[in-house]
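One structure is given below, encoded as structure tokens.
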Amino acid sequence: MKRPVDFTGHGAQVEGLLVHVLWLTSGLSCDGESVSLTAATSPSLEELLRGAIPGQPRIALYNPLLAFDVGDEYLRAWHAAACGELDPFVLVVEGSIPNEEINGEGHWSGFGVDAEGQPIPATTWIDWLAPRAAVVMALGTCAAYGGVPAMRNNPTGAMGLREYLGRRFVSRRGAPLINLPGCPVQPDAITETLQRIALEIAGVSPPTELDDQGRPLWLFEQTAHETCDRAGLAEHGRFAETLADHGTCLAKLGCAGPVAKCNVPARGWVNGVGGCPNVGGICIACTMPGFPDRFLPFMDSDPLTMRLNTSGGRFIYGPVLRRFRERSIRRLSRSGV
């Protein structure tokens, strides 16, 4: 296999660089991130694959849900990467990691077969590829934290990729594990992160800044409430009692927006349109560690955090702020401004 030219150094030409993205979908999940990827528009998957963005390295994607090749032909790149013959490549893991030490006589999750025709566990691929990857990314809440497959009483011992690799894991280039949670992840967040990773590998972009959970800081710095178009209603103490109440904040109905780090209210879902609170739904904190167990039942407000938030807005902050705003409006009205 011909190795791509490896351009490095700040300001280098990157048109000839090909960044391979090995996307492992054999974790325990629903393939939601793979489907979400197809809805991205800024940038779109097509733009990344064709190298249509000036100064952006081209990306080669190996995703079994979207690939044309099948069988041994499809697995060729994966085996090449495992042998150190594919460089540079990014390992993307979708789905939680099962504990194969408690699988009995079978396996929880496999991808391809070995020389004896036996399934190769997904964990084996991770063991082979993670140490050789330029960057490793856990995509989706299942891969980042365990998610739904790791709920209480699950039989698989499912866990997030950071728990499997260890919190101190770094890639071959010294990059820490990137967690990109969501159920599923917002489409443009996926392509934008891949774009930044490719630029980082090319040496024309600084390392991705992460928060304490390993999430890209530019995507998860604010809570859903901070960017929600209903936030202004909350500061006036206007909270919904039922889902039929219009022009109100949904915090009392169980919306976890005040505590969930997520930019979907600001970014929307496809082309800026949609997203849970933007279409009348509550935030269920799907981007947070401990989801879903920690936030169940979804329609019940947290007895402490949510009630303090709504009570403060309704009885203290909201009325005071509203009173001073009304006084300012009247004064401005009298002055003819």
Side-chain angles (χ1 to χ4, degrees), residues 3-12 14 17-25 27 33 37 43 48 53 55-63 77-78 80-97 122-123 125-145 159-182 185 188-221 261 287 289:
R3 295 169 64 89
V5 180
D6 185 11
F7 292 103
T8 57
H10 185 71
V14 297
L17 177 62
L18 181 63
V19 177
H20 302 270
V21 177
L22 301 183
W23 188 308
L24 184 66
T25 63
E33 278 66 48
L37 174 68
L48 296 182
I53 302 174
Q56 171 71 43
R58 192 161 63 88
I59 286 177
L61 178 66
Y62 305 86
N63 180 309
W78 293 79
C83 294
E85 299 173 1
L86 194 71
D87 183 58
F89 75 89
V90 177
L91 175 61
V92 175
V93 177
E94 179 178 356
S96 55
I97 315 304
T123 51
W125 284 108
I126 295 172
D127 294 341
W128 288 344
L129 298 175
R132 296 184 179 274
V135 177
V136 179
M137 179 165 67
L139 187 61
T141 297
C142 292
Y145 309 126
M159 67 193 82
L161 186 58
R162 177 186 275 191
E163 183 179 352
Y164 179 77
L165 293 176
R167 296 184 64 87
R168 297 184 178 181
F169 170 84
V170 293
S171 70
R172 178 176 56 83
R173 299 179 72 252
L177 173 69
I178 296 176
N179 281 332
L180 196 62
V185 180
D188 290 344
I190 300 174
T191 52
E192 183 178 326
T193 303
L194 288 175
Q195 180 185 37
R196 292 202 180 196
I197 289 174
L199 289 171
E200 180 182 337
I201 292 174
V204 296
S205 176
T208 302
E209 189 175 1
L210 307 176
D211 66 9
D212 60 344
Q213 293 293 330
R215 300 171 296 198
L217 192 61
W218 84 89
L219 293 175
F220 294 92
E221 189 170 13
K261 294 292 186 73
T287 60

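Position 1 is the first residue of the sequence; numbering continues from there.
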Given side chain to side chain contact (heavy atoms under 4.5 Å, CB included), test Asp127 with Tyr164 step by step and report yes or no. CA-CA 10 Å; Asp127 294 341; Tyr164 179 77; 2.7 Å; yes
Under 3.5 Å, is there a donor-acceptor pair between the side chain of Asn179 and the main chain of Gln213? yes
Which heavy atom of Leu199 sits nearest to which heavy atom of Pro57, and what is that distance? CD2-CD, 3.7 Å
How far does OG1 of Thr193 sit from CG of Asp188, to the nearest 0.5 angstrom? 10.0 Å
Are Cys142 and Glu94 close enough that some pair of their side-chain heavy atoms sits under 4.5 Å apart? no
Under the 3.5 angstrom rule, does the side chain of Gln195 hit a backbone N or O of Gln56 as a donor-acceptor pair? no
Please tell me if the side chains of Phe89 and Ile201 come closer than 4.5 Å, counting only heavy atoms from C-beta onward. no
Roughly how far apart are Trp23 CH2 and Ile190 CD1, rounded to 0.5 Å? 5.0 Å
Would you indicate whether the side-chain heavy atoms of Thr208 and Met137 approach each other to under 4.5 Å? no
With a 4.5 Å cut-off on side-chain heavy atoms, are Ile197 and Val19 touching? no
How long is the gap from CZ on Phe169 to CZ on Arg162, to the nearest 0.5 Å? 11.5 Å
Is there a donor-acceptor contact under 3.5 Å from the side chain of Ser171 to the main chain of Ala134? yes
Looking only at heavy atoms, which two atoms of Pro88 and Leu18 are closest? And how far apart? CD-O, 3.8 Å
Donor-acceptor pair, side chain of Ser96 and main chain of Gly160, under 3.5 angstrom: no
Is Arg196 paired with Glu192 through a side-chain N to carboxylate O contact shorter than 4.0 Å? yes
Please give me the minimum heavy-atom distance between Leu24 and Ala122, naming the atom from each residue. CD2-O, 4.0 Å
Strictly by modelled atom types, are Glu209 and Trp218 linked by a side-chain donor-acceptor pair under 3.5 Å? no
Minimal non-hydrogen separation, Leu48 against Pro43, with atom names: CD2-CG, 4.0 Å
Shortest non-hydrogen contact from Ile97 to Thr123? CG2-CG2, 3.6 Å
What heavy-atom pair brings Val136 and Ala130 nearest, and what distance separates the two atoms? CG2-O, 3.9 Å
Just verifying a value: how many Å separate Leu37 CG and Leu61 CG, rounded to the nearest 0.5 Å? 6.5 Å
Is a side-chain donor or acceptor of Arg172 paired with a backbone partner of Arg132 at a separation under 3.5 angstrom? yes
Is the shortest heavy-atom distance from the side chain of Leu219 to the side chain of Leu180 under 4.5 Å? yes
CG/Leu129 to CG/Leu22 distance, rounded to the nearest 0.5 angstrom? 6.0 Å
How many angstroms lie between atom CG of Leu91 and atom CD1 of Ile178, to the nearest 0.5 angstrom? 11.5 Å
Mark yes or no for whether Thr287, through its side chain, and Lys261, through its backbone, hold a donor-acceptor pair below 3.5 Å. yes
